[in-house]
Trainee: 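Sharing a structure below in structure tokens format, with a few things to ask.
Both backbone and side-chain heavy atoms feed into the values below; hydrogens, waters and symmetry mates do not. Convention: sequence-line order gives letters A, B, ...; per-chain numbering from 1.
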2 protein chains.
Amino acid sequence: MDHLETRELRYFVAVAEELHFGRAAERLGIAQPPLSRAIRRLEHRVGVGLLDRDRRGVALTPAGAVLLREARAALDAVEAAVHRTRRAGDPKRSLVLVTKAGASHELLRRLLDRAAGEPDAAPVDVLLCEVGEQAGLLRSGHADVALMHRPFDDLAGFDTEDLYTEGQVAILPAVHPLASYERLTLAQVQDVPGLPIARWPRLDGSYPDGPGPRVGTQAQLAQLVALGRTLLVIPASSRAWQWPEHVAVPVVDAPEVTTVIAWPPNSRSRAVAALVRTAAGLHDTPLPAHTD
Amino acid sequence: MDHLETRELRYFVAVAEELHFGRAAERLGIAQPPLSRAIRRLEHRVGVGLLDRDRRGVALTPAGAVLLREARAALDAVEAAVHRTRRAGDPKRSLVLVTKAGASHELLRRLLDRAAGEPDAAPVDVLLCEVGEQAGLLRSGHADVALMHRPFDDLAGFDTEDLYTEGQVAILPAVHPLASYERLTLAQVQDVPGLPIARWPRLDGSYPDGPGPRVGTQAQLAQLVALGRTLLVIPASSRAWQWPEHVAVPVVDAPEVTTVIAWPPNSRSRAVAALVRTAAGLHDTPLPAHTD
DNA sequence: TACGACCGATACCCGGCGGGTATCACAGTG
DNA sequence: CACTGTGATACCCGCCGGGTATCGGTCGTA
């Protein structure tokens, strides 16, 4: 029999992520024996071993690693189906646009102005998230459309349209010697003594090794820059980090960053298509230089 | 409670496609009452009406139409998870490359030759399908990678790399007056008296209105051309239709067709990546002119 | 207008399966 | 050797998915 149920996939993902039946069962809110049974049956149904139950721990087989990736995508798709259906049935339906807080602020403001001015425009709700969360929100149907940034964000699986390309700036503590430069190079901002690059968590929540401070949100990072503990390189239009204690210096050889509008394939509703068209129309009126 | 089960989605898709509870239940191999109950519970769980039970028939609400599209995608994703996991666990694992029978024949042959010559190359199984089937096979995990043709095929949701761009030719019965031309224009091949364009089935299996003959496979269409009943315009490298009774005449103003290699996003295994790289390397050695 | 056909909804029963508790088997460790 | 931590096994129970029988409303038709 084919036809896995999402419950089985959820169970497997929990075990594969925890690599521990007891903790996975706790996370799922069930007892451990039924979980073991469910995973065994799943392995039997799929026909391949998914986990190596070595004493002292559980490990993924190659097939299990594939299923972990695929199951996450499938569960996202199911969740997205529910959310998109709910929003489709909402009488006062609005488009949800998600973007990183502070990024592409001018472009977003112009897009919203333009979109509001369109005839029979659907209202646009703006959902601001932290770094790297857009893809998940779009995949799981919590949002209809996203502003994302190439090459930073993972655009795999979305349709996109380029909106705006810009250079990057280094954000430095105003008191730091480098802050007085007119422009910098990547070589100058890498390995600056006393200003190590901050570390973001990986997908599994762990942090890579390195000297930099650990951060989880933009606000944390901004404060660490203001405290003179780190620096960062970001697109010139980003606003979230630009405190009074910060200075932005162009980094002339940093890769260019393109802001794109992204939406799930096969979900291009009339409202999404209209918003994408409006966004693409912004090409014609270039953004003003950043002033503050 | 969120967390739909795939069974509920399968049930809903069946009803939404049949628009008839009795037939849907029969298709699912269950009785009608449990199906009605399941759909009602699904509507309650999602929180919006999905079907209008008007006496004399069932109709999709707007939200129902959204769920039909999303549920199909989600079920594809679940099915893909199973298939990809099975193949990942297969000790003699091979890549499955799917392409339309007869299309891009030379390019495919070269790709397979090159791929076989690569060191530590995974064996490549070729799966030939009919028009428009590639996307589904790729989405449901029956294939790992596909050769597709822009702008004909639906590339939404896949990562792609362009391989080869070419013009199109009209395939005509050899005995037809147009067959003696050196080249043609789209205006000349449209609405040719006695040679109406054939009609392909829509996704739901119905045929659009029009004068042309109905076809479902390339072989049917090829024979109808040989019988002098229709003509078609296809990329120059296509072979499936080129019978001795056919003549191919370049259509100078037909849109160019690009052969692309496509694969599911986030599923770029080492083997797929290697094959894509090999395919991209074919750029360097242009295909010989088509001779037969 | 009355009757029958059609179709989805309701009522009710049953069996299987998902989930719980208790316990086992085994490896590592002091 | 006892103890701890882990997943597997044994066994029971209650819910829910599925079946049959039937209802209720709406057409078409004579």
Trainee: Where the side chain of B:Glu79 meets the backbone of B:Gly141, is there a donor-acceptor pair that is under 3.5 Å apart?
Mentor: no
Trainee: Show me the pairs that pass salt bridge (charged side-chain N to carboxylate O under 4.0 Å, His left out) and involve residues 126-139 of chain B, at least two apart or across chains.
Mentor: B:Arg139-B:Asp154
Trainee: Please check if any side-chain donor atom of B:Ser140 sits under 3.5 Å from a side-chain acceptor atom of B:Asp76, or the reverse.
Mentor: no
Trainee: We want to know whether A:Arg10 and A:Thr6 form a side-chain donor-acceptor pair, criterion being a heavy-atom distance below 3.5 angstrom.
Mentor: yes
Trainee: Going 5' to 3' along nucleotides 16-22 of chain C, which nucleotides have protein heavy atoms under 4.0 Å from the base (write B), which only from the sugar-phosphate (write S), and which from neither (write -)?
Mentor: --BBBBB
Trainee: How many whole angstroms separate atom CZ of A:Arg40 from atom P of D:dA10?
Mentor: 12 Å
Trainee: To the nearest angstrom, how far is A:Asp52 atom CG from D:dA8 atom P?
Mentor: 12 Å
Trainee: Given atom CG of A:Leu35 and atom P of D:dT9, what is their separation to the nearest angstrom?
Mentor: 14 Å
Trainee: Could you state the atom-to-atom distance from CG of B:Leu42 to C1' of D:dC16 in whole Å?
Mentor: 16 Å
Trainee: Starting from P on C:dA9, measure out to NE2 on B:His20 and report it in whole angstrom.
Mentor: 12 Å
Trainee: Rounding to an integer number of Å, can you tell me how far A:Glu26 CD sits from D:dT6 P?
Mentor: 11 Å
Trainee: Has B:Arg199 got more than 12 heavy atoms of other residues, nucleotides or ligands less than 6.0 Å from its CZ?
Mentor: yes
Trainee: Using whole Å, report how far CG of A:Leu19 lies from C1' of D:dG7.
Mentor: 14 Å
Trainee: Can you find a side chain N or O atom of B:Ser36 that sits less than 4.0 Å from OP1 or OP2 on C:dA9?
Mentor: yes
Trainee: Excluding sequence neighbours, so at least two apart, what forms side-chain hydrogen bond (donor to acceptor under 3.5 Å, both in side chains) with B:Thr61?
Mentor: none
Trainee: Measure from CD1 on B:Ile39 to P on D:dC16 and round the result to the nearest Å.
Mentor: 18 Å
